[in-house]
Amino acid sequence: MLRLSNLFLRTLRDDPADAEVPSHRLLVRAGYIRRAAPGGFSWLPIGWLTFQNVERIVREEMNAAGFQEVHFPALLPREPYEASGRWTEYGDNVFRVVDRRDADFMLAPTHEEMFTLLVKDLYSSYKDLPLSLYQIQTKFRDEARPRAGLLRGREFVMKDSYSFDIDEEGLQRSYEAHRNAYIRLFDRLGLPYVIVSAMSGAMGGSASEEFLAPIDVGEDTFVRCDGCDYAANVEAVVTPAPDPIPFDGLPPAVVHDTPDTPTIATLVDFVNAHPELRHPERDWTAADTLKNVVMMLRHPDGTSEPLAIGVPGDRDVDMKRLEAAVTPAEPSPFEEADFAAHPSLAKGYIGPGVLGTNNASGIRYLVDPRVVSGTSWITGADTAGNHVIGLVAGRDFQPDGTIEAAEVREGDPCPDGSGAPLQMARGVEIGHIFQLGRKYAEALDLTVQDESGRPVTPTMGSYGVGVSRCLAAIAEATLDDDGLCWPREIAPADVHVVIAGKEGGPQRAAAETLAAELEAAGVRVLLDDRAGVSPGVRFKDAELIGVPTIAIVGRGLADETNPTIEVKDRRSGDRVDVPLAEATAHLIETCRS
RNA sequence: CGGGGUGUAGCGCAGCUUGGUUAGCGCGCCUGCUUUGGGAGCAGGAGGCCGGGAGUUCGAAUCUCCCCACCCCGACCA
């Protein structure tokens with residue numbers, strides 16, 4: 001039994017000044033966590049209990065799915081990460097340390113290499129597969145900017161699993177097994193979530209989905225369709241391509257003088273202001289223009305390559321989407337020196353006339369999927385002060401391909417073909433599952449023998465759950481104006497017993513008896529037995545701490561013929577008076593239903 | 001890493017512009033008395049290297065420079 005009279009806890013009346021997001025504010029105010037380092041938190045007793053509940057649920061669901069728990073050090077040597085290339089790939093985001101002999105170590109941000117090596121160490125036959133292992137570990141990432149309390153720390157607890165299969169079909173099965181386990185897990189955590197298709201990013205690999213808790217303070221933007229179950233991280237949104245348009249009857253492209261129009265806005269104003277350039281039926285808009293942006297791509301092997309991207313002029317290039325589209329290459333802005341090296345590019349007036357591997361610049365030219373054959377554009381004519389009107393894709397220029405780099409907007413059509421508008425929302429990534437493939441197995445030389453005795457390289461999946469982040473996300477999703485409001489399985493206790501009566505009154509003894517009976521029945525009790533604390537403080541603290549059921553032993557006891565206690569549901573605020581004689585049974589029932 | 005803001009008691013803040021008592025206020029904490037159904041009252045207390053360092057000055061919380069930390073926006077981000 002937790003007793004507030006001696007529990008290591010101090011609730012704060014005021015919000016801490018350094019906490020902005022609600023979960024962070026309340027977790028500190030209610031005495032769950034304290035900031036201890038930049039991006040690092042200490043757990044206080046009720047916070048740690050709550051954390052352990054989340055961790056336990058994660059563990060139970062992993063075990064129920066047949067995955068086996070292992071545990072690695074957080075302090076790892078350099079070599080395996082050197083072999084996989086991630087010692088350098090991870091860059092500034094990894095904490096590096098050296099030992100007394102000057103050997104390099106890292107504080108692990110994730111453990112693909114160690115799992116792969118452990119399997120390599122012990123297994124050598126296809127008969128040993130499939131295999132799924134997991135651990136629950138503290139991870140370290142030297143985030144440029146930790147924020148939002150537990151939601152984005154530099155030290156956090158993550159459950160990471162890895163599957164090993166002999167072939168694609170096996171990987172697919174392992175992936176599905178994890179996906180289903182995650183669905184059960186997040187359902188049980190009482191956390192709203194959406195599953196969105198995602199990009200696998202720096203981890204490499206193919207199929208990838210994220211579990212996002214839709215929370216306003218989340219850092220990930222995703223879209224979902226009202227009409228179907230399509231949902232995707234904004235980086236992974238697929239742009240539906242319109243049907244091609246026949247060229248017949250399209251007017252020829254004509255080059256015009258358009259002085260001082262280096263931007264889309266100035267160009268649109270210019271063509272609308274000159275009668276001979278006007279659209280026959282309406283005003284031109286930015287969507288009629290084709291904006292061509294040149295970037296420099298740096299490949300992992302150190303080479304660089306320019307890339308031109310054509311997007312409708314009413315949309316910007318979304319750097320995140322572009323990065324996801326060109327990964328593992330990294331895009332960077334085209335510098336003045338780069339322009340100097342490509343004299344065919346007229347800055348501000350770049351058009352398809354010079355772009356493409358077969359044209360003057362020789363620069364690879366990828367366009368937005370909306371730029372289909374037969375679409376007609378106002379775009380740069382490749383000399384300063386000139387644009388071309390009516391340049392038709394497929395007739396007047398031929399891009400090298402398409403690219404998903406244009407920004408996604410609320411209301412964009414769903415890629416399922418229905419054209420239903422997409423909604424945009426923010427979320428916190430609480431889980432990520434993806435098919436890694438053979439990247440790490442190959443890098444670390446993991447092979448097993450197949451039926452014919454030949455070595456084959458297993459294919460892997462990687463699956464993560466942010467355990468400490470989940471706790472914050474649950475807090476975020478459930479809190480209200482009065483404080484935290486935990487789902488029962490997560491809460492540090494089932495019942496918060498408040499003694500609300502004069503010192504020396506009958507309430508104290510009745511509450512002690514009630515609490516003891518509940519404990520004996522396996523109900524977790526937090527008893528506010530503090531002396532000299534006014535009822536108002538007790539009620540406020542109970543609501544702040546957020547235990548799901550609050551039992552108030554107070555004035556109801558005064559009725560000698562029918563003494564009662566009050567049972568309040570933290571979430572709904574509903575209160576019922578319960579006869580003292582039935583209180584224990586009533587509360588046990590409440591906690592079990 | 002770029003822009004903006006903030007560091008004064010456990011928490012929330014004032015004081016700084018214009019340098020000069022013993023650095024204040026509310027909450028919390030300690031002692032005593034009263035109070036006990038919605039963050040109680042009175043009285044008395046404890047608690048500060050004013051983020052750190054260097055400087056200017058007879059004198060620095062206050063002015064100058066450097067550093068550090070935290071918050072917000074952006075960049076970055078399993």
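By convention in this document, chain letters (A, B, ...) are assigned in the order of the sequence lines, proteins followed by strands, and residues within each chain are numbered from 1.
Under the Watson-Crick and G-U wobble criteria, each requiring two contacts below 3.5 Å, nucleotide B:A69 is paired to B:U6. Judged by Watson-Crick or G-U wobble contacts below 3.5 Å, the nucleotide B:C1 has B:G74 as its partner. In this entry B:C25 has B:G12 as its Watson-Crick or G-U wobble partner, both defining distances falling under 3.5 Å. When both pairing distances are held under 3.5 Å, B:U62 makes no Watson-Crick or G-U pair with any nucleotide shown. With a cut-off of 3.5 Å on both Watson-Crick or G-U wobble distances, the partner of B:U18 is given as none. B:G44 is paired with B:C30 under the Watson-Crick or G-U wobble criterion, all donor-acceptor distances under 3.5 Å.
Within the 4.5 Å cutoff, no side-chain heavy atoms of A:Leu9 are placed close to those of A:Leu44.
Taking atom NE2 of A:His432 as the reference point, atom P of B:C77 lies 14 Å away to the nearest angstrom. Separating the NZ atom of A:Lys159 from the P atom of B:A78 is a distance of 17 Å, rounded to the nearest angstrom. A:Glu210 has its CD atom 9 Å from the P atom of B:A78, to the nearest Å. Atom pair A:Arg141:CZ and B:A78:C1' shows a separation of 4 Å (rounding to whole Å applied). Between A:His178 atom NE2 and B:A78 atom C1' the separation is 15 Å, expressed in whole Å. The separation between A:Leu544 atom CG and B:C27 atom P is 19 Å, rounded to whole Å. The CD1 atom of A:Ile550 sits 13 Å away from the C1' atom of B:G37 (whole-angstrom rounding). A:Asp220 has its CG atom 12 Å from the P atom of B:C77, to the nearest Å.
Electrostatic pairing of A:Glu60 and A:Arg188 counts as a salt bridge here, judged by a charged N lying under 4.0 Å from a carboxylate O. Remark: A:Lys568 does not engage A:Glu566 in a salt bridge, criterion side-chain N to carboxylate O under 4.0 Å.
B:A61 and B:U18: their C1' atoms are spaced 15 Å apart (whole Å). With P as the reference atom, B:A60 and B:G52 are 15 Å apart, rounded to whole Å. Look at the P atom in both B:G51 and B:U34: the space between them is 43 Å, to the nearest Å. Taking atom P on both nucleotides, B:G47 is separated from B:C65 by 36 Å, rounded to a whole Å. Atom P of B:C72 sits at a distance of 43 Å from the matching atom of B:G32, rounded to the whole Å. Taking atom C1' in both B:C50 and B:A40, the straight-line distance is 33 Å, to the nearest Å. Annotation: B:U57 and B:C42 have their P atoms spaced 50 Å apart (nearest Å). Comparing B:A23 with B:G48, their P atoms are spaced 12 Å from each other, to the whole Å.
For the pair A:Arg575 and A:Val467, both in contact range of RNA chain B, the more 5′-proximal nearest nucleotide belongs to A:Arg575. Annotation: of the two residues near RNA chain B, A:Ala500 and A:Ser534, the 5′-most nearest-nucleotide partner is A:Ala500.
A:Gln507 comes within 4.0 angstrom of no nucleic acid atom, judged by non-hydrogen atoms across all strands. Among the protein residues, A:Asp15 comes within range of the sugar-phosphate backbone only, with heavy atoms under 4.0 Å from sugar or phosphate atoms but none that close to a base. Heavy atoms of A:Val498 sit nowhere under 4.0 angstrom from any nucleic acid atom. Nucleic acid contact for A:Arg35: sugar-phosphate only, since backbone atoms but no base atoms lie under 4.0 Å from a heavy atom of the residue. Contact annotation for A:Gly532: no contact, since no heavy-atom pair falls under 4.0 Å across all strands.
Centroid-to-centroid, the aromatic rings of A:Phe67 and A:Tyr134 stay 6.0 Å apart or farther. For A:Tyr182 and A:Tyr463, the ring centers are positioned 6.0 Å apart or more. You'll find the ring centres of A:Tyr32 and A:Phe51 outside the 6.0 Å limit.
The side chain of A:Arg469 sits closest to B:A78 out of B:C11, B:G38, B:A78. When distances run from any side-chain atom of A:Glu429 to the nucleotides B:A78, B:G38, B:C77, the shortest one goes to B:A78. Here B:C13 is the nucleotide among B:C13, B:U36, B:A78 with the atom lying nearest to any side-chain atom of A:Ala17. Of the listed nucleotides (B:C29, B:G37, B:A78), B:C29 has the atom at the smallest distance from the side chain of A:Arg10. For A:Leu12, counting side-chain heavy atoms from C-beta on, the closest listed nucleotide (B:U36, B:A40, B:C11) is B:C11. Here the side chain of A:Arg34 is nearest to one of B:A78, B:G38, B:C11, namely B:C11. Taking only side-chain atoms of A:Asp14, from C-beta outward, the nucleotide of B:A69, B:G12, B:A78 with the closest atom is B:G12.
The neighbour count for A:Glu410 CD, taken as heavy atoms of other residues, nucleotides or ligands under 6.0 Å away, is above 12.
With hydrogens and angles ignored, the 3.5 Å screen pairs no side-chain donor or acceptor of A:Glu209 with any backbone N or O of A:Ile195.
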